[in-house]
Amino acid sequence: MVGIVSYGGYVPRYRITPAEIGAVWGIDGKSYGESLGVKAKSVPGADEDTITIAVAAARNALKRVSINPKDIGAIYCGSESHPYAVKPTATVVAEAIGATPDLTAADYEFACKAGTAGIQTCMGLVKSGMIKYGLAIGSDTSQGAPGDPLEYTASAGGAALLIGNEKVVAEINRTYSFTTDTPDFWRREGQMYPSHGGRFTGEPAYFRHVLTCAKKLMEMQGTKPEDYQYAIFHQPNGRFPRRAGKMLGFKDEQINQGLLTPYIGNTYSGAVMLGLCSVLDVAKPGDRILAVAFGSGAGSDGFDITVTDEIQNFKRENAPLIRHYIENAVEVNYAIYTKLKHQIILREE
Amino acid sequence: MRDVAIIGIGMTKFGELWEKSFREIGIEAGLRAIEDAKISGDLLDALYVGNMSAGKLIEQEHVSSLILDYSGYSSKHLPAVRVEAASASGGVALYEAYLAVASGMYDFVMVGGAEKMTDVGDAEANRELCSTADNEWESIFGATYASLFAMLARRHMYEYGTTEEQMAHVAVKNHKFASKNPVAHFKNTLTVEQVLTSSPVATPIKTLDCAPVSDGAAAVVLCPWDHARKFCDTPIKIAGVGLATDTIALHSRRDICTMDAVVRASSKAYHMARIGPKEVNLAEVHDCYTIAEIVEIEDLRLVKKGEGGKATAEGQTDIGGKVVVNPSGGLKGRGQPPGAVGIAQVVEIVQQLRGEAKERQVPGANVGITLNIGGTGATAFVSILKREN
Amino acid sequence: MQIPRFWRQIPNRYNLIGVQCENCKKVYFPPRIVCPDCHRLSIGKMKQYKLSDKGVVHSYTVIYEPAEGFENQVPYIMAIIQLEDGPRITAQIVDCNPEEVKIGSRVEMVFRRLGEDGKAGIIYYGYKFALVKTQT
Ligand SMILES: [Zn+2]
């Protein structure tokens, strides 16, 4: 049985509202935010980046179990905002959680599904017996160009899933991916901000991949939407995942617990994984979860998951629940936001 | 060991000496000391120079040789030694020179302290001061030099009820003295209100709680006590010295509000001089921040532990009080060229004991003490100077 | 800062790895080569020790005139923290307003960026602290 042995999430404490962003660009940000289904987005502190968020999430995951970090045989960090273009995030995480030196580690990039790609790799390594535990992390401090629609949603956060086959709190019954070459969103080497195809990111990209992936996975598993207590879809805004869910036949009650974008924005590689953490925060034995990530470029990773009895012995309380991060937030204005994001040009010493 | 006298003193003005280089100020102070000692420079046996950071601040190492050369003595090939102990460099240089004369190795020794801070910008000057703390375990984490004294101050307030107003009184008193000192960096007087409303640096420390960054140099000439009267009507005796150290990082101290190195160095000096704190008439202490003066007068046992702030606010450290502290204006008013501070303190006490301090003369000055610290108190040098009638 | 100087202290700065004197059991951070209490008796007996990541604020200050590299964080809080295992350390306190910090406040370690060697240089990571808040 391969599955999730532990999980941990982390979201920086700062938030900015669409109204605050819109005011800078002369538009009604409040209405725009409502149309996106986003009330606020998270903003990293001045000393936070994808690496620190990944470490915070990984440490939270390890606080909930008593495993020896040296038994982690692989760490994969997925992000589209690795602080280094060359020099892995994963090695810093490995050192910070005490997993070095007997392990393999690498960084993944696949837009918003780089973290879930890491889950699949870890599953394969665990299943084959090559490693005892694998740690898959999705973490981002995503960038939206100032004034671009992305600025209202691109946020920061991350989650870490410890994959193994002992004391599994949620079994991953199957994973399936649907991948094509679809250039809906990208960032060229050396560019500070990503570019995107506007409305092209919708139908041919997000919806085609998410819906096909979900349908095929359910087909393979012989399941229907009503067999799931929870469904988590990639959440670039608050609307897309609800619409995708509806098109597949899911109800809002199945979607709500795993839909975090309205409160924290799109955490990119962290998005579906944080949604899954939020669901695992409340899930009971036997609950079935469908999780479908989407990464531009494009592909979807789908997971069919069943919560096990082990969750009753699991020490969720040893680390903050996702709700804690959502509730303990501090709103900042646009001026502080630019300061936190290092966009104020300081004097060079 | 022989008794040692100070027969000559000299110093430059302290402040922003834009037009003068490091070597110029170093030599200016030395020549004045020689002139004051009324000796021929040919008599000198050795030179000791206290300097904190010439390597970083003017990109010049090997300043001992440099100063000796530009003093015109290169052809005599005298021994010259540079001493570094952060802002206690001057004091430690004096300590080493004292040992050399007391031991009988040398008869006439020049001890100088010099620092050129303003050839670099404020940021670099502050970085240099920061590097005198534990760079790897304090400074790198974002601690500034002021922030370390600020944490000392906050704890002192917590333990003893010291107030920001009491700290302000240190600045007010020291500026008052500095306004009467022709070599002082600052000539303006301050009010408690001005200090309290100055902008925050690292709470509770505000701009006017901080000593400035200054250029300057000071020098003294030492000789055996038995020769002193030949050159000087009022030689001043170095009655006691003490040098002590403590952990480099403030956080590792037994008690962050007590400078154990100061307690130890002063104990040694008091013992050697056979003088108790009560007999001290005046003190020059290392007020790099106002809280430093408060803690230091406690640890020199000039006032009771925890009562430094109260004593200052009550005027106990001003003229007419128990002991006059920093009649020169201190680092706060006279200025802070780190390497020169320890020597300049001695220059002031000698002037006072000779009765030559004019407007700021402390009446009845017979016994004076100096305290020069390095970093946040990781080094402490104490000297007790005495007028022998 | 030169790379090797930071690199060799990664275990200490990431995970509060200090040392314990096996002679007197006292714990030190940062690591020391000899025990200041046992001196000669501690030679070869200073063993790696992972300190607890919790402590209390022993003293603190809010910095308005920053150290180099911290300009973007002004005002920021520095503290001397008394760790549960005994040693005190100097570190930043993050994720709170200055008025929330008091002497005696309980804090726990977080992992943050400490600095960088300019835009093209190495990024340094390590410990900072955050107030322990009652979880909702
Ligand atoms: Zn010991």
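By convention in this document, chain letters (A, B, ...) are assigned in the order of the sequence lines, proteins followed by strands, and residues within each chain are numbered from 1.
In this structure, A/A46 and C/N72 approach most closely via the heavy-atom pair CB-ND2, 3.9 Å. Nearest heavy-atom pair across A/L346 and C/E71 is CD1-CB, 3.9 Å.
The local environment of OH in A/Y263 is sparse, with at most 12 non-hydrogen atoms from other residues, nucleotides or ligands closer than 6.0 Å. Annotation: A/K315, atom NZ; neighbour count of heavy atoms from other residues, nucleotides and ligands within 6.0 Å does not exceed 12. Within 6.0 Å of the CD atom in C/E100, the count of heavy atoms belonging to other residues, nucleotides or ligands exceeds 12.
For C/F111, the parts sitting under 4.5 Å from any heavy atom of chain A are the backbone and the side chain alike. Contacts of A/Y10 with chain C are made by side-chain atoms alone, with heavy-atom separations under 4.5 Å and no backbone atom involved. Interface remark: C/I123 contributes backbone and side-chain atoms alike to the contact with chain A (heavy atom separation under 4.5 Å). Interface residue A/V92: backbone and side-chain heavy atoms are both found under 4.5 Å from chain C. For C/K128, the part lying under 4.5 angstrom from a heavy atom of chain A is the side chain only. With a threshold of 4.5 angstrom between heavy atoms, C/L114 does not approach chain A through any atom at all. Residue A/A56: no heavy atom, backbone or side chain, is found under 4.5 Å from chain C.
Using a 4.5 Å heavy-atom cutoff, the side chains of C/Y125 and A/V55 are not in contact. Between A/Y14 and C/D95, the closest side-chain pair of non-hydrogen atoms falls below 4.5 Å.
Within the 3.5 Å criterion, the main-chain N or O of C/Q73 finds no donor-acceptor partner in the side chain of A/K339.
With rounding to the nearest 0.5 Å, the separation of NE2 in A/H342 from NZ in C/K119 is 6.5 Å.
Look at C/R112 and A/D47 and you find a salt bridge, because one of the NZ, NE, NH1 or NH2 atoms lies within 4.0 Å of a carboxylate O, short of that distance.
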